[in-house]
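Here the structure comes first, spelled out in structure tokens, and everything after it is commentary.
Lettering follows sequence order; numbering is per chain, from 1. Treat the numbers as computed from the prediction; the structure is a model and nothing was measured.
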Amino acid sequence: MSEVQCCGCNEISEEEMLKQLDNILDDYQNTTGALIPVLQIAQNMFGYLPEAALKKISVKLNKPFSEVAGVVGFYSFFSTEPRGKYLVRVCLGTACYVRGGKEVLNALKKELKIDVGQTTEDRVFSLDIGRCFGACGLAPVIMVNDDVHQRVKPVKIAELMDIYRNKENDNKKE
Amino acid sequence: MISVYINNIKVEVEEGTTILSAAQKAGIKIPTLCFVEGKTPQGACRVCVVQVEGAKTLVASCCTPAADNMKIFTNTKRVREARRNVVELLLSEHDGDCKTCDRNNDCELQELARELGINTISYQGEKTQKTIDNSTPALTRDSGKCIKCRRCVTVCNEVQSVGSLFPQGRGFDTTIGPAFSRDLDSVVCVQCGQCAAICPVGAITEKNDIDEVWAAIDNPEKFVVVQTAPAIRAALGECFGYEPGTLVTGKMVTALRQLGFDAVFDTNFTADLTIMEEGTELLMRLKKALVDKQKVALPQFTSCCPAWIKFAEHFYSDMLDNISSCKSPQQMFGSVAKTYYAKKIGKKVEDMVVVSIMPCTAKKFENQRWEMNDSGLRDVDYVLTTRELGRMIMQAGMDFKSLPDGKMDSPLGMSSGAADIFANTGGVMEAAIRTAYEIVTGKELPLDGLHVEPIMGLDGVKKASLKITGTLKEWSFLEGVELKVAVVHTLSNARKIIEAVKNGEVFHFIEVMSCPGGCISGGGQPRFTDNSIRLKRIQAIYKEDEGKKIRKSHENPEIKQIYKEFLGEPLSHKSHKLLHTKYTART
Ligand code: SF4
Ligand code: SF4
Ligand code: SF4
Ligand code: FES
């Protein structure tokens, strides 16, 4: 699969990407079970799943739009909102939950001023919840993109987020 | 064959039979909610649980195959408590109020609660999010009442292959509906109402137009005319406790008159008119193809089902020329009532109100199509379903069962037996063949009871061919031609036959009805409808047909009269203006 840069930070327009998606869909048209893989590809291309892309997928794969939307809504992996550069996921599995995952989540909501499923206006952070990242011994756990942070304390959330804010600022300066 | 023991009663069934079907065979009732006859069980609701000897947990009977010597118990304390739990949980989320609900006394959830003896709800919790969707002409959806059984999803996707409805979201927040839980008008929906017919609760119903009709009746300035579709007479009785398949034609007429309609007419009359127009149209197409060697669109498809028309406009816009240009009988009635009849009785169009009683929700969409105003105003003002008529009769305080039989008014009230059978799958085709054969050969269709056997019954795709011999001179080009026809019901079967046509299979005429079994189980008919009820209603319809002296559309004297006095002949200029229409591709 070709690596297409994600969200906001790239130069190709959404229109261009829709054309690319068209070509990809041609290869999948007669494949059964193509819906989920195609949604994954599209999400990687656009950084999220814009409605225009979903409509295209529905037409080309000959699946009702309601079914496509239903599948997108079922898996938390898929998003129909543009996502921030850093996806912050808070584990609310049993272990994390009893050890304060909920408080961590609340602290994040406050710090980022967004709710679960939303993205900050500057598109740097998105917030989501997860069910067990397999690190129960180190609960509560959050993930920021692929980084795992363990034994997170609500009071330390601001500090943690600053690390990513600084990274982002450095990137911009370059 | 294997043997199973249900509550110690021995039952023999085929291998692979589910416990649920085995129990049905033994006459033992197991409640179900998500199960849809003839479709892959979902196992979603768990209302159908039973106890199986040796099994640790209770099993869902709708999706568990019976095994040889299995001992099954449907009525133990554990089973009763489990079922009660399931229903109590549903009730705790259900945001409905029985006394003001459309389904009061006709609701499967209410009935289950009663049957299971639920008198308190032990669970307190959040209610399902309530959103009312009135975005389409035919249906009202109320998400608060939805118990997420997904029957509508099965029907809309598997039976109709339309796919408007699908589960959206996850867990407690799941809603059953169009993409992103938006309104129904944001996706393709053909308004067939099969979702409303199968919904166990009041979450999908027809849009209620009763108040508008009462207002018209109560307005002394208005002359209110009513037409009743062929399928009503075989089902309306069910609203008043009659057995399915009881014909109540006479009582229905009296009830309508007592409700205050100024004239009581029959959509059957315009069904006969449809046959005259549509049959002639077919013969003309054949003539063009065989004699003039012109390129014409064949096969011709029937056009009386507005859900099928909308389906074709969305999914097969390349086939629109193949669909007969005839309006549906409902719409033909509207334009004829507001022109021919209005003139006869000296009424102005604006003083006349035309109400239809239909087995159908899609007709509520059809009468609002922009082109349906050839009389100068909207041809059909209001459409009520069979269920709505039942409710009006109840509101009027009539004792339906003791009403005397009445007779339809003239001149739009007489009909042939051919018109009756428009109500069921195969009927429009048979009616057309009865007339077309006689036009072409001058002789009566030489078939037993005038029935075309291969296209009767509930098979999804039916085919027949008929060799035409002994043609009259004018039609000699048809001599020896083998007329090939097909009949399909449900839109997934419509897809099948269209694909067959596209792949080169030859037909001359194809009948399509969207609802399983045809209009007799339309989206507006009394609930609940399964195949056994469909067959009973169909039987009643054939009985009505066979009981008539006149059984061919072209022999109906009122039809002869309207051609003589008003229309001229089939496909005349006037017919074209009033009785034919155009279709538009939709995305
Ligand atoms: S009316 Fe027919 S097409 Fe529309 S949602 Fe219901 S079942 Fe589907
Ligand atoms: S709308 Fe009715 S049929 Fe559809 S899932 Fe809800 S309760 Fe079941
Ligand atoms: S089959 Fe009959 S009831 Fe069903 S949508 Fe068509 S016209 Fe209406
Ligand atoms: S009817 Fe068997 S699980 Fe719903």
Contact check, side chains of Ile36(A) and Tyr75(A), non-hydrogen atoms, under 4.5 Å: yes
All salt bridge (charged side-chain N to carboxylate O under 4.0 Å, His left out) counterparts of Arg103(B), not counting sequence neighbours: Asp106(B)
Residues in residues 183-207 of chain B that sit under 4.5 Å from chain A, counting heavy atoms only: Val187(B)
Atom of Cys62(B), atom of Pro41(B) and distance for their closest heavy-atom approach: O-CG, 3.2 Å
Note, Phe46(A) side chain near Leu21(A) side chain (heavy atom, < 4.5 Å): yes
Over 12 foreign heavy atoms within 6.0 Å of OH, Tyr583(B): yes
Ser76(A) versus chain B, the contacting section by heavy-atom distance below 4.5 Å: both
Shortest non-hydrogen contact from Arg586(B) toward Arg369(B): NH2-NH1, 3.5 Å
Toward chain A: residues of residues 145-160 of chain B with heavy atoms under 4.5 Å: Asn157(B)
In residues 98-110 of chain A, what donor-acceptor pairs under 3.5 Å come from side-chain atoms, sequence neighbours left out?
none

Student check: side-chain heavy atoms of Phe365(B) and Thr136(B) closer than 4.5 Å: no
Check against side-chain contact (heavy atoms from CB on, under 4.5 Å), Leu160(A) and Ile163(A): CA-CA 5 Å; Leu160(A) 194 58; Ile163(A) 300 176; 4.1 Å; yes
Which atoms of Pro167(B) approach chain A - backbone, side chain, both or neither, heavy atom under 4.5 Å: backbone
Crowding at NZ, Lys113(A) (>12 non-hydrogen neighbours, <6.0 Å): no
